[in-house]
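This report refers to the structure that appears directly beneath it.
Chain letters run A, B, ... following the sequence lines, proteins first, then strands; residues in each count from 1.
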Amino acid sequence: MSQQIQLTQVAENVYEIPEDEGMEVPVRVYGSAALVEEMQTADDRTLSQGRNVATLPGIRKFAVVLPDGHQGYGFPIGGVAAVDTETGVISPGGIGFDINCGVRLLRTPLTADDVAGHEEELAERLYETVPCGLGKGGYLETNMDDLRGILDGGMEWMREAGHATEADLEHCEENGRLDGDPGKVPAEALSRGHNQVGSLGSGNHFLEVQRVADVYDAETAAAFGLAEDRIVVMIHSGSRGLGHQTCTEYVRRFERAFPDIADSLPDKQLIYAPLDEQVAEDYKQAMYAAANFAWANRQAMTQAVREVFADLLGVNTVELVYDVCHNIAKEERHRIDGGEDTLLVHRKGATRAFPAGRPEIPDAYRDVGQPVFIPGSMGTASYVLCGGERSLDLTFGSTAHGAGRLKSRMQAKKEYSAGELRRTLRERGIYVRARSGGTLAEEAPGAYKDVDEVIRVSDALNIGTKVARTVPICNIKG
DNA sequence: ATGTTC
């Protein structure tokens, strides 16, 4: 059924779908031969979706598919589309249903020896303290007024309410706040979100206690406050039901407002709104408000982690290294063909990876480069990278966001058994506490690409360079 | 990803 897309190799780890009829720009695909081959298997729509993205009005330079690219709603997950802010469009599929899904890393003063023997207890306490899985309940109790404050203020509201420090804000992309309008968030999204502040969610979301197993770049690691054997905590979560409902409703609004656009698309899921339309601006404002919610959510879980580490291990200095978004669109200045332009950069399953010097990077890291966190699949390694010097030229300042799914959730559920996975992990000293066995099977390492390979490509291309590798000690998930 | 199927 699916038509085979022809790729041309242009350099080591760099491939291209040449521009042809209907495309505004070519598609750049970054990956090793093995990773690119996985995108070319029968019925895989990653590359045809990449090609569809290249037809978007106002898209500049090239559509990007990253080494972890796999098929998603309309757009590939692991993709970047940068559009002109005047002639371009905004597309919910280029941002993702989980608005401002992202990853934050916390560092503790502990080493592996300090937590030895406490692994299971730690997993249990974290599991009890951070609501996970589908449905209602968050670590933080919030009413509707609080929710509006969160949607407007993000991490700033959290600080004013006593749930975040100034240092937390300073170590967050955008300082944990974008200028959105809570009034543009659909009422149903509000009702789904108001009691989910500080909740993990399901699927590939997790909270993991990790040990820094390898350091590749000691100087940069030191700048990030990391060293070998140090205990860190990684949180991967997003905007829960609120972001999902916001995306769903604006997809519907766009379809209704622009039936002619909907009819003309190569894929219905590519639906977009021209940026000069009011509904495009409304979606952007709602998306930024939902992004603020996601930051508050990750911050609330950070407070839960602090509570557990203080109670259980007497540790009162759990500090935020950084917090990255991997499902968002932001206006940024980029150089194309010698000129500098303001572009709306859609990153879906793509992490901003700005090199040293960019004004967006917080003071603490500006001379080094932006920290980037890339979780592997459950039970494998995760990576800390640093924004690379070539990222602005190759990927609009972006790199991958994870291992990248290889098998569908349904296929994984058929192939793997939760009990066996739990046993295998435990034999390796990793405690996994999950609310649902189904989720465990869906997230089996075999369902994902090889994260080491994804990282190797990012490092070799110098879009995000290797700083450290972390391995799990205990993991909680929905 | 998701009150996992409007």
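Contact annotation for A:Gly238: no contact, since no heavy-atom pair falls under 4.0 Å across all strands. Note on A:Ser202: only backbone sugar-phosphate atoms sit closer than 4.0 angstrom, heavy atoms only; bases stay farther off. Within 4.0 Å (heavy atoms only), A:Glu442 reaches no atom of the nucleic acid at all.
Taking atom CZ on A:Arg252 and atom P on B:dC6, their separation rounds to 9 Å, with Å as the unit. With rounding to whole Å, A:Met410 atom CE is found 10 Å from B:dT5 atom P. Rounding to whole angstrom units, CZ of residue A:Phe293 and C1' of B:dT2 are separated by 13 Å. B:dT2 atom P lies 9 Å from atom CG of A:Leu200, rounded to whole Å. Rounded to a whole Å, the OH atom of A:Tyr73 is 13 Å from the C1' atom of B:dT2. Atom NE2 in A:His236 sits roughly 9 Å away from atom P in B:dT2 (whole-Å rounding). The CD-P distance, from A:Glu249 to B:dT2, rounds to 17 Å in whole Å. Summarising the geometry, the separation between CZ on A:Phe97 and P on B:dT4 is reported as 14 Å, rounded to the nearest angstrom.
Against DNA chain B, the stretch residues 295-304 of chain A makes no heavy-atom approach under 4.0 Å.
Contacts of A:Tyr139 classified as ring-ring contact (aromatic ring centres under 6.0 Å, His included), with partners at least two apart in sequence or in another chain: none. Applying the side-chain hydrogen bond (donor to acceptor under 3.5 Å, both in side chains) test to A:Arg60 and every residue at least two apart in sequence or in another chain returns A:Asp341. Listed by chain and number, the residues in a side-chain hydrogen bond (donor to acceptor under 3.5 Å, both in side chains) with A:Thr439 are A:Ser436 (sequence neighbours excluded). Shown here are the salt bridge (charged side-chain N to carboxylate O under 4.0 Å, His left out) partners of A:Asp323, two or more places apart in sequence or in another chain: A:Arg104, A:Arg298. With sequence neighbours excluded, the residues satisfying side-chain hydrogen bond (donor to acceptor under 3.5 Å, both in side chains) with A:Thr470 are A:Gln210.
Checked against the 6.0 Å centroid threshold, A:Tyr365 and A:Phe224 count as a close aromatic pair.
A close approach under 4.0 Å does not occur between any side-chain nitrogen or oxygen of A:Arg409 and OP1 or OP2 of B:dT4.
In this structure, A:Lys466 is not positioned above the aromatic face of A:Tyr383 in the sense of NZ or CZ being under 6.0 Å from the six-membered ring centre and within 45° of the axis.
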